[in-house]
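Worksheet: the structure to be examined is printed underneath.
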Amino acid sequence: MASKLKHILKSQQFSREWLEEEFFPLSSEMKKAVLAGQTLDDLKDKTVCLLFYEPSTRTRVSFQQAALKLGALAVATENAKEFSSAVKGETMKDTTRIINAYHFDAIVIRSDYEGAAEEAASVSEAPIINAGDGAGQHPTQSLLDIFTIHEHFGKVDGLRVAFVGDLKYGRTVRSLSYLLGKFKDIKVHLVAPESLQMREDILEYYKENGIEFEAHSDIAEIVDKVDVIYMTRAQKERMNEGEDADGAGVVLNRELLDKVSEKSIIMHPLPRSSDINEIPEELTDDPRMMIFKEAENGLFTRMALLKMVIQ
Ligand code: CP
């Protein structure tokens with residue numbers, strides 16, 4: 001049985017050993033069970049509360065489905081920013097105390113500000129799962145991403161990864177960076193307009209953890225040099241006035257895709273934006289495109305995570 005996790009707050013908390021010996025195997029086990037149509041009751045009689053202060057399709061629905069697939073019940077506040085007592089000025093700490101008072105077995109929180117999940121965890125007996133905190137982190141997305149990478153290549157060591165788009169506000173690239181730092185001989189290419197490049201704290205982390213990195217403004221410079229092209233959406237909702245949302249929308253078109261190795265993969269946490277169109281619809285069925293596989297793996301990995309925090 002996998003060891004118990006208290007909270008899931010940030011990607012730095014995980015070790016390589018945990019990823020390889022516990023998380024990957026349990027996620028694969030969940031995948032096998034779901035694909036075989038097995039009914040699981042590992043979390044029978046358990047309850048999960050989802051508090052989402054920001055819009056979400058994948059994270060919210062996959063956590064709900066993960067709970068149901070394990071026999072647990074999920075209660076969701078889909079638009080907590082408008083329909084919870086946050087409107088009346090209630091703090092994250094008090095909201096968490098209330099959810100604890102109702103004896104939930106886990107609380108999944110998506111918030112619009114950095115540090116919200118840690119704030120909740122500071123007063124919570126029930127495990128807190130960070131489902132995205134503003135421009136901070138999205139650890140469960142990075143876990144499904146690293147699972148997808150490991151599943152595809154059979155390894156993570158030695159891979160060359162390009163992060164493309166809005167790297168300043170994109171929380172998924174921040175969380176995935178922390179996980180890549182657990183592995184050896186990683187090279188990261190950072191493709192973004194200068195104003196939306198990766199923040200200094202992550203660059204420091206790369207240096208401290210032996211990740212070689214290089215910044216670029218043109219995606220054409222790296223498409224034939226990497227194993228993973230991780231595209232991202234321009235996080236317009238987080239940008240300050242004067243920041244160039246359209247400039248952040250680096251696009252992967254057919255001409256560029258033709259230069260990508262047959263062995264490489266394209267990832268994107270989704271949603272992809274329909275205005276900037278960073279991965280155009282006509283490229284969706286390319287065999288290198290992992291974007292919907294990532295989303296599907298979100299179900300299996302979140303089942304594994306719910307088991308690890310609740311059981
Ligand atoms: N990737 C991701 O977090 O998607 P949602 O915002 O739809 O949950």
Side-chain angles (χ1 to χ4, degrees), residues 8-11 27 48-69 74-82 106-114 116-117 128-149 151 161 163-180 228-239 245 248-249 252 265-279 281 284 289-306:
I8 297 173
L9 302 177
K10 51 189 183 180
S11 291
S27 298
V48 179
C49 182
L50 291 96
L51 282 173
F52 275 61
Y53 294 84
E54 273 194 343
S56 166
T57 298
R58 278 144 291 274
T59 314
R60 182 171 52 83
V61 178
S62 64
F63 263 118
Q64 283 176 313
Q65 178 70 329
L68 294 172
K69 287 278 182 195
V75 172
T77 301
E78 297 178 358
N79 184 356
K81 191 147 184 170
E82 201 178 332
I107 306 171
V108 182
I109 300 176
R110 168 164 291 188
S111 142
D112 56 353
Y113 67 95
E114 216 167 320
I128 299 291
I129 300 178
N130 180 2
D133 61 338
Q137 284 212 36
H138 195 346
T140 69
Q141 175 70 45
S142 69
L143 288 166
L144 73 88
D145 286 333
I146 202 98
F147 176 77
T148 305
I149 291 170
E151 186 179 50
V161 179
F163 288 134
V164 182
D166 175 0
L167 309 183
K168 180 175 179 184
Y169 296 111
R171 56 195 173 199
T172 65
V173 291
R174 293 173 54 76
S175 286
L176 186 52
S177 291
Y178 284 121
L179 293 185
L180 290 175
V228 178
I229 300 178
Y230 192 101
M231 302 294 295
T232 64
R233 174 180 73 85
Q235 308 269 311
K236 292 181 184 175
E237 67 274 30
R238 304 195 202 288
M239 289 182 188
L252 183 71
I265 59 172
I266 318 298
M267 301 178 74
H268 192 308
L270 301 179
R272 50 181 162 171
S273 52
S274 52
D275 50 353
I276 292 171
N277 222 7
E278 62 270 12
I279 300 181
E281 169 64 29
T284 303
M289 207 56 74
M290 290 291 135
I291 59 179
F292 292 103
K293 180 167 260 205
E294 281 170 88
E296 187 185 12
N297 281 339
L299 171 64
F300 314 131
T301 52
R302 288 176 173 130
M303 287 172 72
L305 294 171
L306 283 179

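In listed order, ligands and their atoms are each counted from 1.
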For ligand 1, does E54 get within less than 4.0 Å through its side chain, its backbone, both, or neither, judged by non-hydrogen atoms?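 No part of E54 comes within reach of ligand 1.
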
At under 4.0 Å between heavy atoms, is it the side chain or the backbone of T172 that contacts ligand 1, or both, or neither?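 Near ligand 1, T172 shows nothing, with every heavy atom at 4.0 Å or more.
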
Return a yes/no value for S56: is any of its N or O atoms, backbone included, closer than 3.5 angstrom to an N or O of ligand 1? yes

Show which atoms of ligand 1 fall inside a sub-4.0 Å distance from at least one heavy-atom site of L270. 1 (N), 2 (C), 4 (O)

Rounded distance [0.5 Å steps], [atom1] in [X] versus [atom2] in [Y]:
X: Q141; Y: L270; atom1: CD; atom2: CG; answer: 8.0 Å
X: R58; Y: L299; atom1: CZ; atom2: CG; answer: 14.0 Å
X: I291; Y: I279; atom1: CD1; atom2: CD1; answer: 4.5 Å

Can a side-chain donor-acceptor contact be found between [Y] and [X] if the only test is distance below 3.5 angstrom?
X: N297; Y: E151; value: yes
X: R233; Y: H268; value: no
X: E278; Y: S273; value: yes

Closer than 4.0 angstrom: is that true for some heavy atom of R110 and an atom of ligand 1? yes

Quick one: look up the protein heavy atom nearest atom 7 (O) of ligand 1 and list residue, atom name and how far away it is.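 Looking at atom 7 (O) of ligand 1, the protein heavy atom closest to it is T57 N, 2.7 Å.
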
Top protein contact for atom 4 (O) of ligand 1, by heavy-atom distance: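 I find the closest protein heavy atom is R58 NE, 3.0 Å.
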
